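Just below is one structure, and these are the notes that go with it.
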Amino acid sequence: MSDLADEYRLEYFEEEGFVRKECSDCGNHFWTRDEDREICGEPPCAEYDFIDDPGFEEAYSLEEMREAFLSFFEDHDHERIEPYPVAANRWRDDVLLTQASIYDFQPLVTSGETPPPANPLTVSQPCIRMQDIDNVGKTGRHTMAFEMMAHHAFNAREDADAEYAYEGEVYWKDRTVELCDTLLDSLGADIEEVTYIEDPWVGGGNAGPAIEVIYKGLELATLVFMCMEQDPDGEYELKDGNTYSFMDTYIVDTGYGLERWTWMSQGTPTVYEAIYPDMIAFLKDNAGLSYTDEESEIVGRAARLSGNLDIDDVDDVEAARGDIADRIGVSVEELRELVEPLEDVYAIADHCRTLAYMLGDGIVPSNVGTGYLARMVLRRTKRLCDNVGVDAPLDELVDMQAERLGYENRDTIRDIVRTEVEKYRETLERGGRRVESLAEEYAETGEPIPTEELIELYDSHGIQPDMVAEIAEQAGAEVDVPDDFYSLVAERHDTPDGTETVTDDADERFEDLPETEKLYYDDQQRTQFEAVVLDVFERDEGYDVVLDQTMFYPEGGGQPADTGTLSTDDVTVEVEDVQIEDGVILHRTDENPGKGEFVNGQIDAARRRQLMRHHTATHIVIHSARQVLGEHVRQAGAQKGVDSSRIDLRHYARIDREDVKEIERRANEIVMDNTAVSQEWPDRHDAEAEHGFDLYQGGIPPGEQIRLIHVDEDVQACGGTHVARTGDIGAIKIRSTERVQDGVERITFAAGEAALEATQAAEDALYEAADVLDVDPEDVPETAERFFEEWKDRGKQIEDLKEQLAEARAGGGGDAEEIDVGETTAVVDRLDSDMDELRATANAIAEEGKIAVLGSGESGAQFVVAVPDGSDVNAGEVVGELASKVGGGGGGPADFAQGGGPNVEDLDDALEDAPDVLRQLQDA
RNA sequence: GGGCCCAUAGCUCAGUGGGAGAGUGCCUCCUUUGCAAGGAGGAUGCCCUGGGUUCGAAUCCCAGUGGGUCCA
């Protein structure tokens with residue numbers, strides 16, 4: 001096994017007089033121009049040297065530094081590209097957020113399937129990393145949101161066997177280091193002080209040599225040379241314990257932290273003051289934080305010290321605070337009081353920037369996916385604001401960052417923030433009440449609130465344990481939060497195991513067949529074609545027929561497959577389903593048309609027409625919804641059908657009736673405009689540059705060219721079949737909306753004939769209702785309301801009357817049988833009315849000091865037994881005895897019981913036995 | 001994508017197989033008339049919808065609808 005040491009012997013280092021050293025402290029190897037240098041320069045081997053002593057010639061703002069970087073690389077033959085959204089799940093499904101510039105090019109560009117937008121290129125990519133969220137504000141250098149400035153070059157070996165979307169070498173290690181070195185020099189850094197540390201990189205199945213660039217104690221950049229992939233037979237064993245071998249493609253992946261470069265140029269105590277000084281000032285002022293000269297001095301020194309410490313988790317921060325306080329010569333309490341509000345302010349500024357990125361790029365808060373992350377950040381930010389006493393509305397704070405970042409959808413962002421803050425407030429209020437009553441309960445018993453309750457409160461109601469503790473304390477209850485609280489919560493989510501066996505049935509039978517020519521894109525209106533049967537494969541039921549070309553659309557992009565027939569001179573076979581595998585289209589048929597035959601294909605035209613109408617209508621509905629609800633609306637899924645289709649949209653509020661009507665109106669305007677629906681196959685990077693990522697509502701297709709569908713002003717990457725003109729859709733009718741998840745709304749709609757049918761079905765329902773009520777359809781709502789009110793009134797009246805009837809009956813005696821049972825009198829009677837009446841009568845009789853035994857045969861045999869106060873007869877037992885005689889059971893409290901059974905014919909016998917039963921039970 | 005929780009009076013909620021409740025608000029009267037005052041009486045309800053189990057379901061089971069929440 002070999003390590004990668006040779007990979008770092010660069011000509012550039014040699015030419016420039018670098019020497020390779022081993023750090024006397026940590027043992028890492030590094031390259032430096034300074035022959036006497038002993039340590040690598042990276043904390044904890046060294047401390048920050050740039051606080052109050054900036055490392056560059058001039059101080060740069062964040063914007064100035066970004067521009068300086070990008071234009072430097074433009075001047076050195078790189079093309080500047082626009083950054084991608086922070087919501088990486090918009091072009092890849094393996095991650096949620098963009099965490100590095102290379103994410104922009106994974107997986108299609110890095111694998112060589114798709115060419116990069118430019119080569120070499122430079123970009124400043126906004127990124128969000130949630131991993132360090134607890135450190136933000138505390139360490140002086142951690143941020144959740146940051147921009148990774150980068151230059152990338154995509155190379156492929158000339159001797160590679162396979163075809164790649166880029167060829168040859170643009171540049172590799174020497175040039176990369178040279179560019180970085182030159183950049184530092186041009187900014188006025190003392191390049192004698194710069195060290196390049198050897199630090200092999202491994203991640204996500206790829207690996208390669210990498211270099212950390214350290215200057216004045218701060219890691220300014222990482223230069224990664226991605227050129228290896230995991231390989232069981234690989235020659236190199238790397239730090240993750242796996243073996244790796246070289247790939248055909250090799251990629252320069254660099255990362256320069258914009259914030260750190262800005263910080264380096266200013267030398268402020270923390271990175272936050274360097275990157276958004278205005279917002280920090282505003283927040284400090286708003287929270288009423290002001291410091292005397294002496295206090296400022298302490299805060300400054302503490303900040304410097306915390307920055308110098310190598311702190312990677314919060315426990316260390318807390319422990320370190322004591323250390324810092326000692327070194328400054330103040331008490332820990334004093335230090336905490338001074339520093340904690342500032343830490344909150346730093347974190348608020350950072351979190352607001354994170355939210356601006358997330359919401360600005362169209363993430364909608366939700367209980368799933370990126371939306372959930374946005375919600376978490378927002379709630380955390382709100383807590384920090386409350387904690388430190390910032391009373392400016394959160395939407396205003398987020399807007400400050402959104403404005404700085406140049407977002408144009410600021411009104412929507414503010415609206416989303418306001419909605420979310422309100423939701424959070426309601427959750428807290430609900431939770432507060434719940435905790436209060438729980439706390440009171442446990443305060444009475446004197447027991448601490450059990451952990452099980454805490455988990456339930458957090459998991460099901462979103463109430464943090466510290467909030468429970470706070471409220472419980474006021475109510476005088478104890479709370480003991482276990483240290484492993486969050487792992488206990490996690491345990492609750494452990495599923496019995498869901499090891500999915502990925503059924504990877506990559507069918508080798510089709511490997512030698514050519515890709516089927518897709519006729520359905522040439523003329524989407526045609527339904528007939530001729531073809532040659534290349535091969536036929538037998539299936540469990542039916543056959544897979546492969547043709548040289550086809551008009552049949554295979555299932556894909558939410559559009560179901562076409563059906564139809566294939567005919568030879570001799571036979572006609574039914575096509576029941578169509579699938580595509582590696583470009584080969586499989587027609588699933590009931591019979592074998594015969595290999596080598598010429599066939600005449602005919603697709604079910606009516607079905608296809610409806611599918612096309614629904615597909616084009618889907619684009620129109622999304623487009624209309626975006627106009628009505630806002631530009632943040634994005635497709636979260638779609639399914640087309642013959643009778644109806646549905647689309648799921650990301651939106652932060654319920655779509656109400658007014659919205660539906662407006663969306664429907666706009667959609668039908670587009671239909672009535674009868675504009676042409678066009679398709680084109682542009683280069684993917686040209687398309688992205690012109691239309692942005694909103695193209696990919698339904699997923700990202702691979703390849704150099706992508707198919708775009710234009711409907712009205714809407715443009716989407718789409719592989720489906722569409723009508724020629726919007727008028728062909730006929731009409732679009734929205735049938736229903738539902739909230740399928742928080743932040744995701746589903747619209748179900750019908751197009752063409754189905755729209756007409758849907759409308760007629762709704763009308764039928766109305767007419768039928770009108771017919772029942774015997775009124776005009778337009779009077780149905782009013783009449784229904786009146787009927788409902790009257791119905792309720794009558795219910796009340798009937799109840800009232802029953803009570804009167806019962807009292808009259810109890811007083812009047814009637815034909816009821818009266819028996820003496822010991823010292824009390826019992827009334828036994830059969831009334832044949834409902835339970836309510838039976839109960840009322842029994843109550844009235846008991847009021848008069850008599851035992852009531854009433855039976856009814858109205859719906860099954862039923863009994864009610866009521867006993868007056870002071871009687872020693874148990875009503876429940878009486879009922880139980882009687883009910884068993886009619887094949888049922890019964891029970892209830894000792895003074896009032898009811899029961900019954902299915903055998904009505906035995907009711908009279910049971911009642912006749914009642915006196916005996918009563919006497920027996922009394923004697924017992 | 002998965003897990004969990006909730007739905008009862010205008011509001012906040014209790015009730016977990018057998019007669020629908022409390023607090024608050026509302027109405028009437030009394031007391032007092034000074035700020036969230038006291039006393040007495042009264043009206044509140046398809047117990048979310050639909051199925052099932054049961055002699056009997058607000059209560060148990062299933063499905064749906066609406067909301068909440070945690071996780072990947």
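Labels below follow one simple rule: chain letters A, B, ... track the order of the sequence lines, proteins then strands, and each chain is numbered from 1. None of these values were measured; they are calculated from a predicted model.
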Which protein N or O atoms sit under 3.5 Å from an N or O of nucleotides 41-45 of chain B?
{"unit_1": "B/rG45", "atom_1": "OP2", "unit_2": "A/Lys796", "atom_2": "NZ", "d": "3.0"}

d([atom1], [X]; [atom2], [N]) in whole Å:
X	N	atom1	atom2	value
A/Glu426	B/rG67	CD	P	12 Å
A/Met835	B/rA20	CE	C1'	16 Å
A/Ile455	B/rC5	CD1	C1'	15 Å
A/Glu440	B/rC13	CD	P	14 Å
A/Asp836	B/rC46	CG	P	16 Å
A/Ile655	B/rU65	CD1	C1'	17 Å
A/Glu452	B/rC4	CD	P	14 Å
A/Met376	B/rA72	CE	C1'	13 Å

*Residues in salt bridge (Lys or Arg N to Asp or Glu O under 4.0 Å) with A/Arg433, at least two apart?*
A/Glu429
*If pairs are Watson-Crick or G-U with both distances under 3.5 Å, what is the dot-bracket string of RNA chain B, marking crossing pairs with [ ] and pairs to another strand with |?*
(((((((..((((....[..)))).(((((.......))))).....(((((..]....)))))))))))).
[X] has a side chain; which of [options] sits nearest to it?
X	options	value
A/Trp791	B/rU65, B/rC70, B/rC46	B/rC46
A/Gln741	B/rC46, B/rU69, B/rG1	B/rG1
A/Phe788	B/rG19, B/rC70, B/rC46	B/rC46
A/Glu456	B/rU69, B/rC4, B/rG19	B/rC4
A/His461	B/rG1, B/rC5, B/rG19	B/rC5
A/Ser460	B/rC4, B/rA72, B/rG19	B/rC4
A/Asp459	B/rG1, B/rG19, B/rG3	B/rG3

*Anti or syn - B/rU31, cut at 90° from 0*: anti
List in chain and number order the residues that pass side-chain contact (heavy atoms from CB on, under 4.5 Å) with [X], two or more places apart in sequence or in another chain; answer none if no residue qualifies.
X	answer
A/Val435	A/Leu457, A/Ile463, A/Val468, A/Ile471
A/Glu881	A/Val917
A/Ser366	A/Val368

*asked:* My understanding is that only residues two or more places apart in sequence, or in another chain, count here; which of them pass ring-ring contact (aromatic ring centres under 6.0 Å, His included) with A/Tyr442?
replied: none
_Going by ring-ring contact (aromatic ring centres under 6.0 Å, His included), name the residues that satisfy it together with A/Tyr652, two or more places apart in sequence or in a different chain._
A/His632
_Residues forming a side chain to side chain donor-acceptor pair (under 3.5 Å) with A/Arg90, sequence neighbours excluded_ = A/Asp694
*Partners passing side chain to side chain donor-acceptor pair (under 3.5 Å) against A/Arg646 (at least two apart in sequence or in another chain)*: none
*Contact letters for nucleotides 49-63 of chain B, in which S counts primed atoms plus P, OP1 and OP2 and B counts the base, heavy atoms under 4.0 Å*: ------B--------
*Could you check whether A/Gly369 gets within reach of a base, just the sugar-phosphate, or nothing at all, counting any heavy atom under 4.0 Å?*
base
*Between A/Tyr84 and A/Tyr103, does the ring centre distance come in under 6.0 Å?*
no
*May I have all residue pairs that pass salt bridge (charged side-chain N to carboxylate O under 4.0 Å, His left out) and include part of residues 466-476 of chain A, sequence neighbours excluded?*
none
*Centroid under 5.5 Å and tilt under 30°, A/Phe896 to B/rG19*: yes
*List the atom of A/Leu373, the atom of A/Leu97, and the distance in Å for their closest heavy-atom pair.*
CD1-CD1, 3.6 Å
